[in-house]
A.B. asks: 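This is the structure, below, for whatever I ask next.
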Amino acid sequence: MERSSLNSLGVYRKSLALRDLSEAVASYFSYNRDMLSLRKYDSFRDDITQSLMTDAVLITKEVEQAALSNSYSVRMKSLTFINIMTRNILAYCNGLERDGVKEKEYLNLLRKEIKVFRSSFKKWRKSFQNGND
């Protein structure tokens, strides 16, 4: 697959949607108003929101890497990593809830987006296991 055809890949588009929503939720809930700075965070909530943004960006990068790689082991590593990152994002939602976030509808929206992404991801992952690259 070529880089230019990534946008035709459903799971890639879903990873971009997940990334964008994660960034919006993270910036909304963060106490740190300068989310893109690399300075030290002062609160548990800021740690969670920074991790949320980081993992969402990494999911998109790993989808891209798996799609573009000809190496089976690189693909499998990326697929495993994506699985871990989606579970992490669900855990971050729970962590934000436990930290006292009142606007649970935003967290539920993110959980729903993860569910949509995972569904697309599972179908895509099966295509690798069947050898249909």
A.B. asks: I need the single residue from Asn88, Asp47, Val25 that forms a side-chain contact (heavy atoms from CB on, under 4.5 Å) with Leu52. Which is it?
C.D. replies: Val25
A.B. asks: The criterion is side-chain hydrogen bond (donor to acceptor under 3.5 Å, both in side chains); which residues satisfy it with Arg118, sequence neighbours excluded?
C.D. replies: Thr86
A.B. asks: Could you measure the distance from the SG atom of Cys93 to the CD1 atom of Ile114? Nearest 0.5 Å is fine.
C.D. replies: 5.0 Å
A.B. asks: Linking I/L/V/M/F/W/Y whenever their side-chain heavy atoms sit closer than 4.5 Å, directly or via other members, would Phe128 and Tyr72 fall into one cluster?
C.D. replies: yes
A.B. asks: Given the rule that I, L, V, M, F, W and Y join up when any side-chain heavy atoms are under 4.5 Å apart, are Phe44 and Leu107 in one cluster?
C.D. replies: yes
A.B. asks: Is Val116 reachable from Leu90 through a run of I, L, V, M, F, W or Y residues, each pair having side-chain heavy atoms under 4.5 Å apart?
C.D. replies: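 No; tracing contacts between hydrophobic side chains, which count when under 4.5 Å, never links both residues.
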A.B. asks: Counting only N and O atoms by type, is there a donor-acceptor contact under 3.5 Å from the side chain of Thr49 to the main-chain atoms of Arg45?
C.D. replies: yes
A.B. asks: So, using side-chain hydrogen bond (donor to acceptor under 3.5 Å, both in side chains) as the criterion, who are the partners of Asn108 when residues are at least two apart?
C.D. replies: Arg111
A.B. asks: What about Leu18 and Ile84, same hydrophobic cluster or not, with Ile/Leu/Val/Met/Phe/Trp/Tyr joined at side-chain heavy-atom distances under 4.5 Å?
C.D. replies: yes
A.B. asks: Please find the pair of heavy atoms, one from Gly10 and one from Ser120, that lie closest to each other, and give the distance.
C.D. replies: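 For Gly10 versus Ser120, the nearest heavy atoms are C-OG, 3.9 Å.
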A.B. asks: Would you sort out whether Asn83 and Thr80 count as a side-chain contact (heavy atoms from CB on, under 4.5 Å), showing the intermediate values?
C.D. replies: CA-CA 5 Å; Asn83 247 344; Thr80 300; 5.7 Å; no
A.B. asks: Can you sort out the partners of Thr54 under side-chain hydrogen bond (donor to acceptor under 3.5 Å, both in side chains), two or more places apart, ordered by chain and number?
C.D. replies: none
A.B. asks: Run the side-chain contact (heavy atoms from CB on, under 4.5 Å) test on Arg125 and Ile82 for me, step by step, so that the C-alpha distance in whole Å, both residues' side-chain angles and the decisive distance to 0.1 Å come before the verdict.
C.D. replies: CA-CA 10 Å; Arg125 185 179 61 201; Ile82 292 166; over 6 Å; no
A.B. asks: Is Ser69 reaching over with its side chain to a backbone N or O of Arg75, donor-acceptor style, under 3.5 angstrom?
C.D. replies: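 No, Ser69 side chain to Arg75 backbone: no donor-acceptor pair under 3.5 Å.
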A.B. asks: Between the main-chain N or O of Trp124 and the side-chain N or O of Ser127, is there a donor-acceptor pair closer than 3.5 Å?
C.D. replies: yes
A.B. asks: Would you mind reporting whether Leu68 and Leu6 have side-chain heavy atoms less than 4.5 Å apart?
C.D. replies: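 Touching, per the 4.5 Å side-chain cut-off.
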A.B. asks: Would a hydrophobic clustering, with Ile, Leu, Val, Met, Phe, Trp and Tyr connected at side-chain separations under 4.5 Å, put Leu110 with Tyr28?
C.D. replies: yes
A.B. asks: Apply the test side-chain contact (heavy atoms from CB on, under 4.5 Å) to residues Val57 and Glu23: give CA-CA distance (whole Å), side-chain angles for both, the deciding distance (0.1 Å), then the verdict.
C.D. replies: CA-CA 9 Å; Val57 167; Glu23 286 178 355; 3.6 Å; yes
A.B. asks: To the nearest 0.5 Å, how far apart are CG in Leu21 and NZ in Lys112?
C.D. replies: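 It comes to 11.0 Å.
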A.B. asks: How many angstroms lie between atom CZ of Phe29 and atom CD1 of Ile48, to the nearest 0.5 angstrom?
C.D. replies: 11.0 Å
A.B. asks: Is it the case that more than 12 heavy atoms not belonging to Lys104 sit under 6.0 Å from its NZ atom?
C.D. replies: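 Yes, because the 6.0 Å sphere around NZ of Lys104 holds more than 12 heavy atoms from other groups.
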A.B. asks: Can you confirm whether Val63 sits close enough to Thr60 that some side-chain heavy atom of one is under 4.5 Å from a side-chain heavy atom of the other?
C.D. replies: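 A side-chain contact is absent here, since even the closest heavy-atom pair is not under 4.5 Å.
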A.B. asks: Should the pair Phe117 and Phe121 be assigned to parallel (<30°), tilted (30 to 60°) or perpendicular (>60°) ring geometry?
C.D. replies: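 Taking Phe121 first and then Phe117, their aromatic rings lie parallel (interplane angle under 30°).
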A.B. asks: For Ala26 versus Met53, what's the shortest heavy-atom pair and its separation?
C.D. replies: CB-CG, 3.3 Å
A.B. asks: Side chain of Arg19, backbone of Ile59: donor and acceptor closer than 3.5 Å?
C.D. replies: no
A.B. asks: Could you state the interatomic distance from CG (Leu9) to CD (Glu64), rounded to the nearest 0.5 Å?
C.D. replies: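 Going from CG on Leu9 over to CD on Glu64, the span is 10.5 Å.
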A.B. asks: Any chance the side chains of Ser71 and Ser73 put a donor and an acceptor closer than 3.5 Å?
C.D. replies: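 There is such a pair (donor and acceptor under 3.5 Å, judged by atom type) between the side chains of Ser71 and Ser73.
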